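Notes follow the structure.
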Amino acid sequence: MITVFILVTACLALLTGLGLPLARRLDQPVPETLFAAFLAGWGLAIAGLQIWHLALPANGLALAALAAASLAGWALYARPLAAWLRAQKSAPRRTQVLVGGLGLLILGLLVNQALHSPSSYDHGLYHLPMVRWLQAYRIVPGLGNLHHRFAFNNASFLLVAALDSGPWRGLTYYTATTAIYAALALRGLLGAYRAARGSRSQREALYALLLPVTLWMAFRPEFEFAGYSTDAAVFFLQAALAAELLHAFEAADRPRPSRAVTLALLVFSAAVGLAVKASFAVFGLGMGLAALWTWAGGPRPTRREAVSALSRAVTLALLVLVPWLARHALLSGYLLYPLTTFRLELPWMMPAAMADPIAGVISEWARHGYHMPVGTPFQEWFVWWLPRQMIEFRQSVPLAAGLLLLSLVLGRLPKARGIQRRGPLALLIITAAGLAFWFTAAPSLRFSAALPWLLPLIPLVMLVDQLRELEWLP
C-alpha cells in the first residue's frame with residue numbers, strides 16, 4: 001500500500017507539473033491553480049504521447065521526457081508556490097491539521113480501495129494487451145485486424161503505457177484511476193473548505209458536492225476501481241469541466257488574458273475527452289460552445305486579443321484531434337472507427353465484414369446485454385431496463401426536475417434574483433443533451449459516467465446560491 005501511495009503521489013506531481021505553464025496564467029489562488037494544472041497536464045501528456053507514438057513506443061523514454069517537462073513546469077512556478085507555502089505558516093494550525101489530515105485520509109482510502117478492487121472483464125480482454133502493444137512498438141498500421149478492440153483508439157492508454165514503464169511495471173493497474181479520482185476528490189475537499197469559509201462561488205459549491213459522489217463511485221461494488229477504465233477518465237473530465245465552466249461564467253468580467261486561458265483549457269480538455277472515448281462527443285461539443293459563449297460575453301476584446309485567444313484554443317484542440325484522427329486511420333483504416341462511414345482505402349484497412357457490425361453490436365449490447373433479444377419493442381424494453389439501473393440514476397431525473405422547479409419558484413423572490421443563472425442553465429442543457437445522446441446510442445450505465453450525478457447537482461448548486469441570499473439564512 002505504501003508503494004502505491006507513493007506512486008499515486010508521484011503521478012499527481014508529474015501531471016501537475018506538465019500543466020503548470022498553462023495553468024499559472026489563470027490568475028487564481030495556488031490550490032486552484034494546481035488542480036487546473038493537473039487537468040491540463042493530464043490532457044497535455046495524452047496529446048503529446050499521441051504524436052510521440054507515431055514514431056516511438058510509449059515506454060520509459062517517453063516517461064523520462066514527461067518527467068523532464070514536468071520538472072521545468074515546477075521550476076517556472078517555484079516562486080509563487082514558495083510564497084504561498086510561506087503564507088501558510090500564519091494559518092491556524094488546527095485548520096492545517098484538519099484539512100491536511102482529511103486529504104491524506106482520502107488519498108489513503110482510494111489507494112486501499114484500488115488494492116482490493118476486482119478486475120474488469122475488459123482489462124484482460126483488451127486493456128492490458130493494448131497497453132503492452134503501445135509499450136513495445138510505435139503505432140502498428142492495421143493493428144485492428146488482430147482484434148477489433150485494438151482499433152478503438154482510446155488515447156488515455158498511451159499515458160498508462162508510459163507510466164507503467166520502469167521498476168514499478170504492473171503497478172499502474174492500481175494507480176491510473178486512483179490518481180485522477182484522488183485529484184478530483186482533493187479538489188472537492190478544497191471546494192468544501194472554500195464554501196465553509198464563506199465562498200459564494202458556484203464552482204466551489206459543485207466541487208464540494210462532487211466530493212461524496214466521487215468517493216461513492218470509487219467504493220461502489222459494481223465499479224471496478226482498479227485498472228485503466230476509460231469510463232473513469234470520462235467521469236473525471238465531465239465532473240471537472242462542469243465545475244470549471246461555472247467558473248468561466250462567474251469570471252466573465254475578469255481580465256481578458258485570464259479568460260482566454262480559461263477558454264483554451266476548456267476547449268482543449270473537451271477535445272481530450274473525445275480522444276479518450278467517443279461517447280464524450282456531445283458533452284464535449286457543448287462544453288466547447290459554452291466556453292466560447294462565456295468568452296465572447298465578457299468585455300469586448302480587441303481584434304488582436306480575439307485572434308490570439310481563438311487561435312490558442314483552436315491550436316490546442318487540433319493538437320489533440322489531428323493526431324487522434326491519424327491514429328484512427330493507421331489502426332483501422334477508418335477515420336472514426338467504430339463508425340465506418342469515413343473509410344480510407346488503405347492496404348491495412350479492416351475488412352468491411354469485420355468493421356461494419358461493431359458500432360451496432362456495441363449499441364445493442366449496451367441496450368439489451370445478454371438478457372433480451374434484439375428488436376424488442378421500446379416500451380417492453382424500457383419497462384425491463386429502468387428497474388435495472390442503480391437507484392441514484394432512477395432518482396436523478398425526478399430529483400433534478402424538483403430542484404429546478406423549486407429554484408425557479410425561489411427565483412421570483414426579489415432577494416434571490418441576483419444570482420448567476422446562465423452558467424448552471426447552460427450546464428444543465430449540456431448535461432441533458434449528453435444524457436439524451438447516451439440513452440439513444442448506448443444506454444449502459446457505465447457509459448453515462450458523471451452525467452446522472454450532474455443532472456441533479458447543477459440545480460442544487462443554483463438552489464443553494466439562492467437560499468444564501470434570503471435573510472432568514474446565515
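Position 1 is the first residue of the sequence, and the numbers go up from there. Both backbone and side-chain heavy atoms feed into the values below; hydrogens, waters and symmetry mates do not. Keep in mind the model is a prediction, meaning the values are calculated, not measured.
Distance alone, capped at 3.5 Å, is enough to place a donor-acceptor pair between the Asn153 side chain and the Trp324 backbone. Between the side chain of Ser120 and the main chain of His123, a donor-acceptor pair closer than 3.5 Å is present. At distances below 3.5 Å, at least one donor-acceptor pair connects side-chain atoms of Trp385 with backbone N or O atoms of Pro443. At least one donor-acceptor pair under 3.5 Å links the side chain of Ser311 to the backbone N or O of Ser308. Checking side-chain atoms of Trp348 against main-chain N and O of Leu330 turns up a donor-acceptor pair under 3.5 Å. Side-chain N or O atoms of Gln238 include one that pairs as donor or acceptor with a backbone N or O of Ala450 at under 3.5 Å. The closest donor-acceptor contact from the side chain of Ser269 to the backbone of Leu266 lies at 3.5 Å or more, if one exists at all. For the pair Tyr334 (side chain) and Met350 (backbone), a donor-acceptor distance under 3.5 Å is present. Judged by distance alone, with hydrogens and angles left aside, the side-chain atoms of Trp381 form a donor-acceptor pair with the main-chain N or O of Arg367 at under 3.5 Å. Distance alone, capped at 3.5 Å, is enough to place a donor-acceptor pair between the Ser363 side chain and the Ala441 backbone.
In this structure, Tyr137 places its OH atom where only 12 or fewer heavy-atom neighbours from other residues, nucleotides or ligands lie under 6.0 Å away. Crowding of Leu386 atom CG: a count of heavy atoms from other residues, nucleotides or ligands under 6.0 Å exceeding 12.
A parallel orientation is assigned to the rings of Phe378 and Phe382, their planes being inclined by less than 30° (bins at 30° and 60°). Using a 30° and 60° split on the angle between ring planes, Phe150 and His147 fall in the tilted class, from 30° to 60°.
When each of Val234, Asp122, Thr230 is tested with Arg446 by the rule side chain to side chain contact (heavy atoms under 4.5 Å, CB included), just one qualifies, namely Asp122.
If you take CG on Leu339 and NE2 on His328, they are separated by 8.5 Å, rounding to the nearest 0.5 Å. From Trp168, atom CH2 reaches atom CD1 of Ile6 across 12.0 Å, with rounding to the nearest 0.5 Å. Atom OH of residue Tyr337 and atom CG of residue Leu335 lie 14.5 Å apart, to the nearest 0.5 angstrom. Atom CG of Leu245 and atom CD of Glu250 lie 10.0 Å apart (nearest 0.5 Å). Atom CG of Leu115 and atom OH of Tyr173 lie 10.0 Å apart (nearest 0.5 Å).
Side chains of Arg194 and Glu32 form a contact here, defined as non-hydrogen atoms less than 4.5 Å apart. The closest side-chain heavy-atom distance from Leu331 to Ile139 is below 4.5 Å. Taking 4.5 Å as the limit, every side-chain heavy atom of Pro57 sits out of range of all side-chain heavy atoms of Gln135. With contacts defined as side-chain heavy-atom distances shorter than 4.5 Å, the pair Arg203/Arg187 qualifies. Proximity of Tyr77 to Trp84: side-chain heavy atoms (C-beta onward) are nowhere separated by under 4.5 Å. Proximity of Glu244 to Phe35: side-chain heavy atoms (C-beta onward) are separated by under 4.5 Å at one or more points. Within the 4.5 Å cutoff, side-chain heavy atoms of Leu146 are placed close to those of Leu143. The closest side-chain heavy-atom distance from Leu184 to Phe235 is below 4.5 Å.
Here the closest non-hydrogen pair linking Leu265 and Ala36 is CD2-CB, 4.3 Å. Of all non-hydrogen atoms in Leu316 and Ala264, the two that sit nearest each other are CD1-CB, 3.8 Å. The nearest pair of heavy atoms linking Asn154 to Lys277 is ND2-CA, 4.4 Å.
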Listed pairs under 3.5 Å, donor-acceptor, residues 176-183 side chains, sequence neighbours left out:
residue: Thr177; atom: OG1; partner: Gly227; partner atom: O; Å: 3.1
residue: Thr178; atom: OG1; partner: Tyr174; partner atom: O; Å: 2.6

N/O donor-acceptor pairs under 3.5 Å from side chains in residues 156-166, not counting sequence neighbours:
residue: Asp164; atom: OD1; partner: Gly170; partner atom: N; Å: 2.8
residue: Asp164; atom: OD1; partner: Thr172; partner atom: N; Å: 3.3
residue: Asp164; atom: OD1; partner: Thr172; partner atom: OG1; Å: 2.8
residue: Asp164; atom: OD2; partner: Arg132; partner atom: NH1; Å: 3.1
residue: Asp164; atom: OD2; partner: Arg132; partner atom: NH2; Å: 3.4
residue: Asp164; atom: OD2; partner: Gly170; partner atom: N; Å: 3.3
residue: Ser165; atom: OG; partner: Gly60; partner atom: N; Å: 3.4
residue: Ser165; atom: OG; partner: Ala161; partner atom: O; Å: 3.0
residue: Ser165; atom: OG; partner: Ala162; partner atom: O; Å: 3.4

What donor-acceptor contacts under 3.5 angstrom involve side-chain atoms of residues 9-24, with partners at least two apart or in another chain?
residue: Thr9; atom: OG1; partner: Phe5; partner atom: O; Å: 2.9
residue: Thr16; atom: OG1; partner: Leu12; partner atom: O; Å: 2.6

